[in-house]
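Letters go in sequence order (proteins before strands), and every chain restarts at 1. Predicted, not measured: the structure shown is a model, and the values here were computed from it.
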There are 2 protein chains.
Amino acid sequence: MADKNKSTKERIIGAANSLFYMAGIRATSVDAIAAKAGITKRSLYYHFQSKDELIAEYLGSRDQLNLNAYKKWFAAQEGDVSAKLRALFNGILETTSHPKWRGCGFQRTVGELANKPGHPAIRVASLHKKKVEQWLAEEFCHNGLVNADVTARHVFLLLEGAMAAMLVHRDPAYIRQAAEAAALLVSHAAQSEDC
Amino acid sequence: MADKNKSTKERIIGAANSLFYMAGIRATSVDAIAAKAGITKRSLYYHFQSKDELIAEYLGSRDQLNLNAYKKWFAAQEGDVSAKLRALFNGILETTSHPKWRGCGFQRTVGELANKPGHPAIRVASLHKKKVEQWLAEEFCHNGLVNADVTARHVFLLLEGAMAAMLVHRDPAYIRQAAEAAALLVSHAAQSEDC
DNA sequence: GTCTATAAGCCGATAGAC
DNA sequence: GTCTATCGGCTTATAGAC
């Protein structure tokens, strides 16, 4: 088993990742995570102080993975920024069309913890979303768009809306039309001199 | 008490509405709802078959309320469609800036029930969101926009994204810039002959 | 239609042995 | 660092009296 090469902590986070994402935070018990990781609950509490800490680490483990997927889709496409953006939305379209897709893990976790302002997992989610938006702004800037920050925020809002709408309707047309709106807004931002 | 004039069922839904929205679905027990409604749990189960049914009725009770608020903000503003749209986003800005705001109840409920496809509450949420989008399309059509359906979908996606982003960042700038993006997209849809 | 009482099990977290 | 055992409380839902 490849799991043998992982530390206990890594196996716990892997189990938490799978269960928290598929079933939700409150629907997943610490017992279930420990069982999936192949340890007892007492051992889990040796590695993590509380369930809340584990929730934050679960989201933290998805931060780079998510961002790297976006970067990969964007960079792999040749052409101008609008072609790359179309490729980004295509990647999201494929991901969200998978039957095991359960929405954006960050959005869903923040939604479940909405009654706990200041929860560490909310901070992790906020930072992740800021990273995505800032990455978009940098790419737009390097591709010579005016007001790259503003356009990045508009596209980010469409990304968030696309995932929320896809979760409730389960209709890929929402992703495609979010991409269409993003393309309109990007084409509206003409070429400029520098960043 | 005004509650005396309400039926038991209405009081249960009122209690469920408050608790489900403020704390979340799974974080709210049937015990707590019954206590808040001033009845016993057994009486609650006389009026509702299960917690799942109560969740669906909770969302159903917010359907018209939400839609009417949007319609009110839009209609109260004099001027062209872009002015009315600005007023709509202003209403959302005020609502979401309130410290007791806990995100879109429909989005959060769908997020919590993502592991239960076909749950009755998900259907209610999907229908509600469709109503909002279709209302936007009708307003855009009556105001002479071309491709009213497409523009309505774009604006709807921005609305969803604005609420999701506001919940994670708690920064009203996201609402304002969603309104800005919506204005750009609406101005892009010029006048046409009829619906 | 509302009540008391309870089923049968799961929850997060901990004690103490090894 | 991992184990067995358990605490005290909460979970949805139901039985049966009135």
Residue pair A:Glu180 / B:His154, side-chain donor-acceptor N/O under 3.5 Å: yes
How many Å lie between CD1 on B:Ile39 and C1' on C:dG1, as a whole number? 10 Å
B:Glu53 CD - D:dT12 C1' separation (whole Å): 14 Å
When the ring planes of B:Tyr174 and A:Phe156 are compared, do they come out parallel, tilted or perpendicular, using 30° and 60° as the limits? perpendicular
Any carboxylate oxygen within less than 4.0 angstrom of a Lys/Arg side-chain nitrogen, looking at B:Glu160 and B:Lys129? yes
Given atom NE2 of B:His47 and atom P of D:dA13, what is their separation to the nearest angstrom? 16 Å
Walk along nucleotides 7-18 of chain C from 5' to 3' and tag each nucleotide B, S or - by protein heavy-atom contact under 4.0 Å, base first, then sugar-phosphate. ----SBBBBB--
Test the B:Arg108-B:Phe20 pair against the cation-pi criterion, namely NZ or CZ under 6.0 angstrom from the six-membered ring centroid and within 45° of the ring axis. no
In whole angstroms, the gap separating C1' of D:dT4 from CG of A:Leu44 amounts to 16 Å
Under-4.0 Å side-chain N/O to phosphate OP1/OP2 contact, A:Ser43 with D:dC3: yes
Value in whole Å for how far the C1' atom of D:dT12 lies from CG of B:Leu19: 16 Å
Take a 6.0 Å sphere around NZ of B:Lys72 and say whether it holds more than 12 heavy atoms from other residues, nucleotides or ligands. no
Any ion pair linking A:Glu139 and A:Lys84 (charged N to carboxylate O, less than 4.0 Å)? no
